[in-house]
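What's counted below: heavy atoms across the whole structure, side chains too, no hydrogens, waters or symmetry copies. Protein chains get the first letters and strands the later ones, always in sequence-line order, with residue 1 at the start of each.
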Amino acid sequence: MTNMVIFFFAGVVVYTLGKQLEKIEESTAFGRERFPYIPGLLSFREAPILLKAFKKLKNDPDVILFDGQGIAHPRHFGLASHVGLILDRRAIGCAKSRLVGEFRSVRNVVGAYSKLCYKNEVVGAVLRTKINTKPIFVSPGHKINLTLAIRIVLKACNGYRIPEPVRQAHLLVNKVRKEYTQ
DNA sequence: GCGACAG
DNA sequence: ATCTTGTCGC
């Protein structure tokens with residue numbers, strides 16, 4: 001079982017972010033896993049396949065939400081920064097847990113947040129997107145500031161902890177992976 | 001050396 | 001991330 005080929009799947013879901021949050025396109029891609037998971041080096045593992053999924057997209061998004069960090073990273077260059085730069089699009093990191101930084105507890109009210117500080121610098125926000133659930137870690141990735149990033153993430157949330165586009169991308173990937181595995 | 005550590 | 005059923009709480 002040591003030479004088993006492991007496949008990696010990625011998914012992108014495009015939404016409108018106007019009056020309604022409406023799904024307008026989906027894209028997936030897969031390929032061989034080529035890099036291990038090492039904290040701080042996530043983009044080396046995920047970016048290649050993620051970029052494959054983005055290439056199939058017909059729409060060209062104004063802003064992209066990533067399942068990972070933006071500048072809240074040891075070298076200020078998380079997945080959202082890295083892929084946002086390559087795609088030259090506004091990008092926001094929306095991670096489910098902390099990689100670096102310290103923060104104070106967040107009030108239990110949707111929209112409340114506390115600054116995520118790392119090496120004497122604000123690198124993101126720990127944002128409450130749903131009551132009675134752990135907050136998420138929002139950080140600018142590319143061509144965006146923290147204030148706007150927070151506003152966009154809150155607009156993209158539909159009552160769930162995870163912003164809807166990210167949540168749907170996750171569900172999409174699991175669906176496709178399961179179909180492929182059968 | 002010890003602990004922390006996106007997915 | 002993944003293993004993995006039911007179950008406790010809003």
Below 4.0 angstrom, which residues in residues 113-147 of chain A have at least one non-hydrogen atom near DNA chain B?
none
Expressed as a whole number of angstroms, how long is the span from [X]:[atom1] to [N]:[atom2]?
| X | N | atom1 | atom2 | result |
| --- | --- | --- | --- | --- |
| A:Leu99 | B:dA6 | CG | C1' | 5 Å |
| A:Asp67 | C:dA1 | CG | C1' | 10 Å |
| A:Arg45 | B:dG7 | CZ | P | 12 Å |
| A:Glu102 | B:dC5 | CD | P | 11 Å |
| A:Lys178 | C:dT2 | NZ | P | 12 Å |
| A:Asn174 | B:dG7 | CG | C1' | 13 Å |
| A:His170 | B:dA6 | NE2 | P | 14 Å |
| A:Arg177 | C:dA1 | CZ | P | 11 Å |

For A:Tyr180 and A:Phe9, I'd like to know if the aromatic rings sit close, meaning centre-to-centre distance below 6.0 Å.
yes
Step through it carefully: locate the ring centre of A:Tyr113, locate the ring centre of A:Phe103, and say whether they are under 6.0 Å apart.
no
Close side-chain approach of A:Leu116 to A:Val122, heavy-atom, < 4.5 Å:
no
Just checking A:Leu50: base, sugar-phosphate only, or nothing, at a heavy-atom cut-off of under 4.0 Å?
nothing
When all nucleic acid strands are considered with a 4.0 Å heavy-atom cut-off, which category describes A:Gly93: base, sugar-phosphate, or nothing?
nothing
Tell me, with the steps shown, if A:Val83 and A:Ile64 meet side chain to side chain contact (heavy atoms under 4.5 Å, CB included).
CA-CA 9 Å; A:Val83 180; A:Ile64 307 170; 6.0 Å; no
Look at the rings of A:Phe54 and A:Phe66 and say which category their plane angle falls in: under 30° parallel, 30 to 60° tilted, over 60° perpendicular.
tilted
Dot-bracket encoding per residue of DNA chain B, Watson-Crick/G-U cut-off under 3.5 Å, | denoting interstrand:
.......
How many angstroms lie between atom OG1 of A:Thr133 and atom NZ of A:Lys96, to the nearest 0.5 angstrom?
13.5 Å
Side-chain N,O ([X]) to OP1/OP2 ([N]) below 4.0 Å:
| X | N | answer |
| --- | --- | --- |
| A:Lys96 | B:dG7 | yes |
| A:Ser97 | B:dG7 | yes |
| A:Arg98 | B:dA6 | no |

A:Tyr37 ring over C:dA1 six-membered base ring, under 5.5 Å and 30°:
no
Got a salt bridge between A:Glu164 and A:Lys23, using NZ or NE/NH1/NH2 to carboxylate O under 4.0 Å?
no
Can a cation-pi geometry be assigned to A:Arg167 and A:Tyr160, taking NZ or CZ under 6.0 Å from the six-membered ring centre and within 45° of the ring axis?
yes
One pair to check against side chain to side chain contact (heavy atoms under 4.5 Å, CB included): A:Ile131 and A:Val109. What are the steps and the verdict?
CA-CA 6 Å; A:Ile131 295 179; A:Val109 175; 5.9 Å; no
